[in-house]
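Just below is one structure, and these are the notes that go with it.
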There are 2 protein chains.
Amino acid sequence: MAKLRKRQRQEALSELLERNPFLTDQELAARFGVSIQTIRLDRMELGLPELRERLKQVAEQAYGRVKSVSSTDIIGDLIEINLDESALSVLDTDSSMTFAASEIVRGHHIFAQANSLAAALVDAPVALTGSAQIKYLAPVYAGQRIVAKAKVTKIEGRKRLIKVRSYVGDKDVFVGDFTLFALANSSEDKR
Amino acid sequence: MAKLRKRQRQEALSELLERNPFLTDQELAARFGVSIQTIRLDRMELGLPELRERLKQVAEQAYGRVKSVSSTDIIGDLIEINLDESALSVLDTDSSMTFAASEIVRGHHIFAQANSLAAALVDAPVALTGSAQIKYLAPVYAGQRIVAKAKVTKIEGRKRLIKVRSYVGDKDVFVGDFTLFALANSSEDKR
DNA sequence: TAGATATTAGTAGTAGATACTAAAACATCT
DNA sequence: AGATGTTTTAGTATCTACTACTAATATCTA
């Protein structure tokens with residue numbers, strides 16, 4: 001039985017740290033009712049880095065993301081963009097995005113990717129979504145990679161119509177027609 | 001001249017750390033051509049936290065952001081619910097939800113609140129969003145509290161039509177018509 | 001040149017670890 | 001029950017990037 005307990009604990013540990021990287025070995029030991037050494041052995045065997053390393057990674061990721069898209073915070077990774085024309089982003093899904101009871105990714109994540117891609121596409125400091133008609137064509141499961149393609153279909157003054165299609169592999173999972181409004185930067189001149 | 005040099009160095013230090021929180025005192029000392037102690041004195045005088053604390057803060061912020069559109073089943077706080085009838089939730093917005101360049105809350109947060117409220121309303125273990133028509137009626141600013149009200153307007157077999165209206169105070173900011181499908185729990189019995 | 005300000009040096013102590021050795025507890029097989 | 005292997009715990013030395021503190025030296029200014 002010992003083997004089982006160990007395996008289960010290690011699995012739980014992996015998951016827990018994925019969801020909450022802010023726990024020290026001490027806290028983990030208390031949580032699992034084992035000694036610190038056991039936790040350290042487990043982390044070693046699983047190749048999980050220490051608290052400080054985990055924090056650094058989270059911070060770096062966040063920082064990289066904020067930096068690289070400082071003006072156009074995007075959900076997913078922006079792969080390609082031609083302002084006021086077309087854009088493409090990729091979102092790797094995981095179980096933190098699913099319903100508690102299933103492995104199906106919740107709709108608003110798919111929407112967020114599409115919506116932020118559409119907003120990034122607008123050549124203006126700020127773009128507000130005015131309205132949208134969206135359709136979910138097939139469920140997306142945790143672990144699948146969503147590729148979203150956005151195309152500007154119409155420009156009328158400050159208004160933009162943008163069509164977004166999202167795929168998993170070559171299966172369509174989502175389509176949306178977005179109406180966005182380009183805003184001048186609200187008060188300050190760029191700085 | 002000493003005072004000037006010190007003041008300038010401290011200003012530069014503040015800015016540098018703001019832009020790049022990943023530098024150790026040693027690296028900072030090398031960069032400014034002074035000793036570690038000087039850097040530590042400077043940080044003390046300016047009330048700037050140490051590297052590890054800075055990393056932790058960046059990581060926490062980042063994590064908070066990820067969380068806001070993930071882990072929980074419902075975005076916002078569920079205040080009231082009558083399954084298959086109506087529900088109400090409240091979302092307190094903050095600047096982590098805004099565009100970098102303005103204080104306007106990004107559309108997908110408002111959508112996420114509405115979508116998850118609609119899904120919660122369906123009396124089934126899992127509810128998938130099939131499609132939606134949404135409209136943003138007015139911008140929401142960081143700090144404002146969004147109240148979302150959802151109502152089931154039609155039930156047809158596993159299909160539910162749900163109307164969601166969101167308010168800030170008594171101003172309408174969002175309306176959406178959602179089509180959801182109730183799913184039996186896909187394979188496992190609830191656990 | 002005295003006095004103030006700024007800078008540097010150095011020590012003790014901290015958290016949260018790594019890396020390592022060794023003992024104890026437990027499980028398993030015969 | 002005894003030998004063997006796995007798992008868990010204990011404990012020590014060492015590390016980084018510090019804080020908190022004392023004290024000496026360098027530099028500037030009046």
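Every chain is numbered from 1, with letters handed out A, B, ... down the list of sequences.
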*Assign I36(A) to base, sugar-phosphate, or nothing according to its heavy-atom contacts below 4.0 angstrom with the strands shown.*
nothing

*What does R43(B) touch in the nucleic acid at a heavy-atom separation under 4.0 angstrom: a base, only the sugar-phosphate, or nothing?*
sugar-phosphate

*Hey, what's the ring geometry for F111(B) with F178(B), parallel, tilted or perpendicular (30° and 60° as the breaks)?*
tilted

*Can you find a donor-acceptor pair, distance only, under 3.5 Å between Q26(A) side chain and dG16(C) base?*
no

*Q10(B): which of Q8(B), R7(B), K6(B) passes side chain to side chain contact (heavy atoms under 4.5 Å, CB included)*: K6(B)

*asked:* Measuring from the side chain of E50(A) (C-beta onward, heavy atoms only), which nucleotide among dA19(C), dT8(D), dA17(C) has the closest atom?
replied: dA17(C)

*D25(A) side chain: which of dT8(D), dT7(C), dA17(C) is closest?*
dA17(C)

*Return the nearest nucleotide to the side chain of S35(B); candidates are dA9(C), dC18(D), dA15(C).*
dA9(C)

*Which whole-number value in Å describes the distance from K56(B) NZ to dA17(C) C1'?*
15 Å

*Between dT19(D), dT8(D), dT7(C), which nucleotide gets closest to the side-chain atoms of R9(A)?*
dT8(D)

*asked:* Can a donor-acceptor pair be found, under 3.5 Å and without considering hydrogens, that links the side chain of N20(B) to the backbone of F22(B)?
replied: yes

_Donor-acceptor under 3.5 Å (Q113(B) side chain, I146(B) main chain)_ = yes

*Nearest-Å distance, CZ (R40(B)) to C1' (dT22(D))?*
16 Å

*Atom CD1 of I39(B) and atom P of dT8(C): how far apart are they, to the nearest Å?*
9 Å

*asked:* On the nucleotide dA17(D), are OP1 or OP2 found under 4.0 Å from the side-chain N or O atoms that T24(B) carries?
replied: no

*Got a donor-acceptor pair under 3.5 Å from the side chain of R52(A) to the base of dA17(C)?*
no

*Between dA20(D), dC18(D), dT8(C), which nucleotide has the shortest distance from any of its atoms to the side chain of L41(B)?*
dT8(C)

*So which one's nearest nucleotide on DNA chain C is more toward 5', L51(A) or Q37(A)?*
L51(A)

*asked:* Quick test of your reading of the model: are K154(B) and E156(B) salt-bridged, counting only N-O distances below 4.0 Å?
replied: yes

